[in-house]
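Written out below as structure tokens is the structure these notes cover.
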Amino acid sequence: MAEPLFQVENVTKSYRTGDVEVWALRGVDLALHRGEMAVLLGPSGSGKSTLLNIMGGLDRASGGVVRFDGQDLTACSERQLTRFRREHVGFVFQFYNLIPSLTAWENVALVAEIAVNPLDPAEALDMVGLKDRMTHFPAQLSGGEQQRVAIARAIAKRPGVLLCDEPTGALDSKTGVLVLEVLRRVNEEFGTTTAIITHNAGIRQIAHRVFSFRDGRIEEAVENAIRLKPEEVTW
Ligand SMILES: Nc1ncnc2c1ncn2[C@@H]1O[C@H](COP(=O)(O)OP(=O)(O)OP(=O)(O)O)[C@@H](O)[C@H]1O
Ligand SMILES: [Mg+2]
């Protein structure tokens, strides 16, 4: 089998606030294969966001190794991490983080401009089904549409990996399905390796692989023999 795109080995993370030390991750092992769509489940505080942020180069592990395409992120300088994020990682967060004073097209173009081999912003917006909303400002778009702009922005640099932290967390189920359909389409058409954190256990059925967190560890990793389409999932 080909080497995984991401290899996480015995990763730990502790946060110290004053005298209190919290172990957010207590030894996580995970492999994310190229082209795979993974779902990360688990109770609040179990370490999901901490791991995603470390994988995306936004935070650093306290121990262990994180390899992306053979590159050891734990050994990278800040400069190298910034470059890794810029070139390889697309982020999607719960609350879109669009720039309110820029149109949908401009929000996407901002990222496309600094990318090495970008998608045309219009093409990225077409991919998420918002071709006819390019000149709209975020305030003129629904939550689900704003999230789709955020996905267009994340994919505009053709990232090797898309890391999504509760992308449907602020949406109703019908809108959430549309967002998941877009993520699935990106995964299938571009082969973008994708990790999705969610509190909605139903979403596990759309993934190739499901990782369940508990107390800073992965308790279970399950491969789905049959994947459902987002519209077939029970929320
Ligand atoms: N910057 C930080 N400083 C101190 N403690 C933190 C920090 N970030 C996370 N933690 C702690 O680490 C643990 C794991 O947090 P994390 O955000 O990874 O959980 P999560 O699984 O994403 O939870 P949720 O589902 O609520 O988003 C929690 O106990 C949290 O309080
Ligand atoms: Mg979280």
Side-chain angles (χ1 to χ4, degrees), residues 6-32 36-68 73-74 76 78 81-82 84-85 89-98 143-144 146-147 150-151 153-154 159 161-173 175-177 179-180 183 193-222 230 233-235:
F6 262 110
Q7 256 175 318
V8 174
E9 288 166 12
N10 198 23
V11 162
T12 57
K13 176 71 184 178
S14 76
Y15 291 106
R16 180 175 277 286
T17 319
D19 287 343
V20 186
E21 190 168 38
V22 176
W23 284 92
L25 299 175
R26 297 167 182 270
V28 169
D29 295 292
L30 167 154
L32 203 54
E36 194 166 58
M37 179 178 263
V39 158
L40 278 51
L41 290 172
S44 184
S46 58
K48 305 179 298 294
S49 296
T50 301
L51 180 68
L52 209 76
N53 290 341
I54 291 172
M55 289 169 71
L58 289 173
D59 203 353
R60 285 175 175 280
S62 304
V65 173
V66 181
R67 275 195 208 88
F68 174 84
L73 299 183
T74 52
C76 281
E78 284 304 320
L81 270 189
T82 301
F84 159 72
R85 282 198 304 269
V89 191
F91 291 101
V92 179
F93 297 105
Q94 185 173 355
F95 297 110
Y96 334 130
N97 301 332
L98 300 176
Q146 289 182 62
Q147 189 60 299
I151 294 171
R153 178 181 58 184
V161 62
L162 198 53
L163 302 176
C164 314
D165 197 344
E166 302 194 31
T168 63
L171 305 173
D172 62 54
S173 59
T175 314
V177 166
V179 165
L180 292 174
L183 290 174
T193 307
T194 306
I196 305 172
I197 292 179
T198 177
H199 275 280
N200 186 330
I203 294 177
R204 74 168 71 212
Q205 295 162 290
I206 71 166
H208 294 106
R209 207 179 294 269
V210 183
F211 298 98
S212 301
F213 282 66
R214 181 170 296 278
D215 294 334
R217 290 199 178 87
I218 292 178
E219 192 177 48
E220 190 181 49
V222 177
V233 167
T234 327
W235 289 59

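Throughout, numbering of the chain's residues begins at 1 and tracks the sequence. When a ligand or atom number is given, it counts from 1 through the structure's own listing order.
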Quiz item: Which residue holds the protein heavy atom closest to atom 1 (N) of ligand 1, what is that atom called, and what is the gap in Å?
Solution: Tyr15 CE2, 3.5 Å
Exercise. Supply the atom-to-atom distance Thr175 OG1 to Leu180 CG, rounded to the nearest 0.5 angstrom.
Key: 11.0 Å
Self-check item: Sub-4.0 Å heavy-atom approach of Lys13 to ligand 1
Solution: no
Quiz prompt | With sequence neighbours excluded, residues passing salt bridge (Lys or Arg N to Asp or Glu O under 4.0 Å) with Arg67 | solution = Glu9
Quiz item: Does ligand 1 have any atom that is closer than 4.0 Å to a heavy atom of His199?
Solution: yes
Quiz prompt | Test applied, side-chain hydrogen bond (donor to acceptor under 3.5 Å, both in side chains); reference residue, Lys13; option that passes from Thr50, Asp59, Asn53 | solution = Asp59
Quiz item: Which protein heavy atom lies closest to atom 15 (O) of ligand 1, and at what distance to 0.1 Å?
Solution: Thr50 OG1, 3.7 Å
Quiz item: Counting each atom of ligand 1 from 1 as listed, which ones have a heavy atom of Gly47 under 4.0 Å away?
Solution: 14 (C), 18 (O), 19 (O), 20 (P), 21 (O)
Exercise. For atom 17 (O) of ligand 1, grab the closest protein heavy atom and report residue, atom and distance to one decimal in Å.
Key: Ser49 CB, 3.8 Å
Quiz prompt | All salt bridge (Lys or Arg N to Asp or Glu O under 4.0 Å) counterparts of Glu220, not counting sequence neighbours | solution = none
Quiz item: Of the listed options (Ser14, Gly42, Gly45, Gly169), which comes nearest to atom 20 (P) of ligand 1 when hydrogens are ignored and any heavy atom counts?
Solution: Gly45
Quiz item: Does the protein put a heavy atom less than 4.0 Å from atom 31 (O) of ligand 1?
Solution: no
Quiz item: Counting only protein N/O/S, how many atoms fall short of 2.8 Å from the Mg ion (ligand 2)?
Solution: 1
Self-check item: atom 21 (O) of ligand 1: the protein heavy-atom neighbour that sits closest, reported with distance to 0.1 Å
Solution: Lys48 NZ, 2.8 Å
Quiz prompt | Closest protein heavy atom (residue, atom, distance) for atom 29 (O) of ligand 1 | solution = Val22 CG1, 3.8 Å
Practice problem: Would you mind checking which non-hydrogen protein atom is closest to atom 26 (O) of ligand 1, with the distance to 0.1 Å? | Solution: Ser44 OG, 2.5 Å
Quiz item: Nearest to atom 27 (O) of ligand 1, what protein heavy atom do you find, and at what distance?
Solution: Glu166 OE2, 3.6 Å
Exercise. For the residue pair Thr12 and Ser14, establish whether any side-chain heavy-atom pair is separated by less than 4.5 Å.
Key: no
Exercise. Pick out which of Ile196, Leu58, Leu163 makes a side-chain contact (heavy atoms from CB on, under 4.5 Å) with Leu52.
Key: Leu163
Self-check item: Within-shell test, Gly216 vs ligand 1, heavy atom, strictly < 4.0 Å
Solution: no
Practice problem: Enter the distance from Phe213:CZ to Leu25:CG here, rounded to the nearest 0.5 Å. | Solution: 7.0 Å
Self-check item: 4.0 Å heavy-atom contact, Ser46 with ligand 1
Solution: yes
Self-check item: Backbone of Ala31 reached by a side-chain donor or acceptor of Arg209 within 3.5 Å
Solution: no
Quiz prompt | Interatomic spacing from CD in Glu21 to CZ in Arg16 - rounded to 0.5 Å | solution = 4.5 Å
Quiz item: Between atom NZ of Lys48 and atom CZ of Phe211, what is the distance when rounded to the nearest 0.5 Å?
Solution: 14.5 Å
Exercise. Look up atom OG in Ser62 and atom CD1 in Ile54, then write down how far apart they are to the nearest 0.5 Å.
Key: 7.0 Å
Quiz item: Which residue supplies the protein heavy atom nearest to atom 12 (O) of ligand 1, what is that atom called, and how far is it?
Solution: Ala24 CB, 3.2 Å
Self-check item: Check: Gln147 side chain, Phe93 main-chain N or O, donor-acceptor pair, under 3.5 Å
Solution: yes
Quiz item: Can you tell me how far CZ of Arg60 sits from CD of Glu78, rounded to the nearest 0.5 angstrom?
Solution: 4.5 Å
Exercise. Go through ligand 1 atom by atom and flag the ones less than 4.0 Å from a non-hydrogen atom of Pro43.
Key: 21 (O)
Quiz item: Among all residues two or more places apart in sequence or in another chain, which pass the salt bridge (Lys or Arg N to Asp or Glu O under 4.0 Å) test with Arg217?
Solution: none
